[in-house]
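For the single chain, residues carry numbers from 1 onward in sequence order.
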Amino acid sequence: QVQLVESGGGSVQAGESLRLSCAASGRTVSSSAMGWFRQAAGKEREYVSGINWSGSSADYSDSVKGRFTISRDNAKNTVYLQMNSLKPEDTADYYCVVWYSGSYHGPVDFWGQGTQVTVSS
């Protein structure tokens, strides 16, 4: 089992930045892809970003490309999501995930509890 604990959410104004962190514990994740999903109120959960086990490759949804940056520190079992130029439409609960398959668009093996991000205009 893997436990994922997100932090760094909060309320900001449009155009500001936030950095989310996700600390993993339990079973090792250093050889697994990790990433982020989000879910806005009344909407389906959507993929945001993924990063491979080494951090050498990253992927982003079109809605965040160019504004968000994912990174990881395997020594700390932590993945980050730097979110810049935030927009009100980025308001959502953000969830950290692990993919043991390494495929960002395959089944998720573990989910975090989520952290709330609110962006006001």
Grouping I, L, V, M, F, W and Y whenever their side-chain heavy atoms are under 4.5 Å apart, do [X] and [Y] come out in a common cluster?
{"X": "Phe110", "Y": "Trp53", "answer": "no"}
{"X": "Val97", "Y": "Tyr47", "answer": "yes"}
{"X": "Tyr60", "Y": "Leu86", "answer": "yes"}
{"X": "Leu20", "Y": "Val119", "answer": "yes"}
{"X": "Val2", "Y": "Tyr104", "answer": "no"}

**OP:** Mark yes or no for whether Gln39, through its side chain, and Glu44, through its backbone, hold a donor-acceptor pair below 3.5 Å.
**Re:** no

Looking at every non-hydrogen atom in both residues, tell me the closest pair between [X] and [Y] and how far apart they are.
{"X": "Ser85", "Y": "Ser17", "answer": "N-OG, 4.3 Å"}
{"X": "Ser121", "Y": "Pro88", "answer": "CB-CG, 3.9 Å"}
{"X": "Gly50", "Y": "Trp99", "answer": "CA-CZ3, 4.0 Å"}

**OP:** Evaluate the criterion side chain to side chain contact (heavy atoms under 4.5 Å, CB included) for residue pair Leu4 and Val98; output intermediate values, then yes/no.
**Re:** CA-CA 9 Å; Leu4 302 172; Val98 171; 3.9 Å; yes

Original post:
Do Trp36 and Tyr95 have ring centroids that are under 6.0 Å from one another?
Top reply: no

Original post:
Can Asp73 and Tyr80 be counted as having a side-chain donor-acceptor contact under 3.5 angstrom?
Top reply: no

Original post:
Judged by modelled atom types alone, do Ser101 and Ser103 share a side-chain donor-acceptor pair under 3.5 Å?
Top reply: no

**OP:** Flag the pair Arg38 / Arg45 as yes when at least one side-chain heavy-atom distance between them is below 4.5 Å, and no otherwise.
**Re:** no

Subject >> Side-chain heavy atoms of Thr118 within contact of Val12, under 4.5 Å >> reply: no

Give, for atom [atom1] of [X] and atom [atom2] of [Y], the distance between the pair rounded to the nearest 0.5 Å.
{"X": "Ser31", "Y": "Asn74", "atom1": "OG", "atom2": "CG", "result": "8.5 Å"}
{"X": "Leu18", "Y": "Glu16", "atom1": "CG", "atom2": "CD", "result": "8.0 Å"}
{"X": "Ser7", "Y": "Gln113", "atom1": "OG", "atom2": "CD", "result": "13.5 Å"}
{"X": "Gln82", "Y": "Ser49", "atom1": "CD", "atom2": "OG", "result": "12.0 Å"}
{"X": "Met83", "Y": "Phe68", "atom1": "CE", "atom2": "CZ", "result": "5.0 Å"}
{"X": "Asn77", "Y": "Gln3", "atom1": "CG", "atom2": "CD", "result": "11.5 Å"}

Original post:
So does Arg67 pair up with Asp90, basic N to acidic O under 4.0 Å?
Top reply: yes

Original post:
Got a sec: does the CD of Gln13 have more than 12 other heavy atoms crowding it under 6.0 Å?
Top reply: yes

Subject >> Whether over 12 other heavy atoms sit under 6.0 Å from Lys65 NZ >> reply: yes

Original post:
When Met34 is tested against each of Thr78, Val29, Asn52, Ile70 for side-chain contact (heavy atoms from CB on, under 4.5 Å), which residue passes?
Top reply: Val29

**OP:** Determine the sole option in Thr115, Val79, Leu81 for which the side-chain contact (heavy atoms from CB on, under 4.5 Å) test with Cys22 is passed.
**Re:** Val79

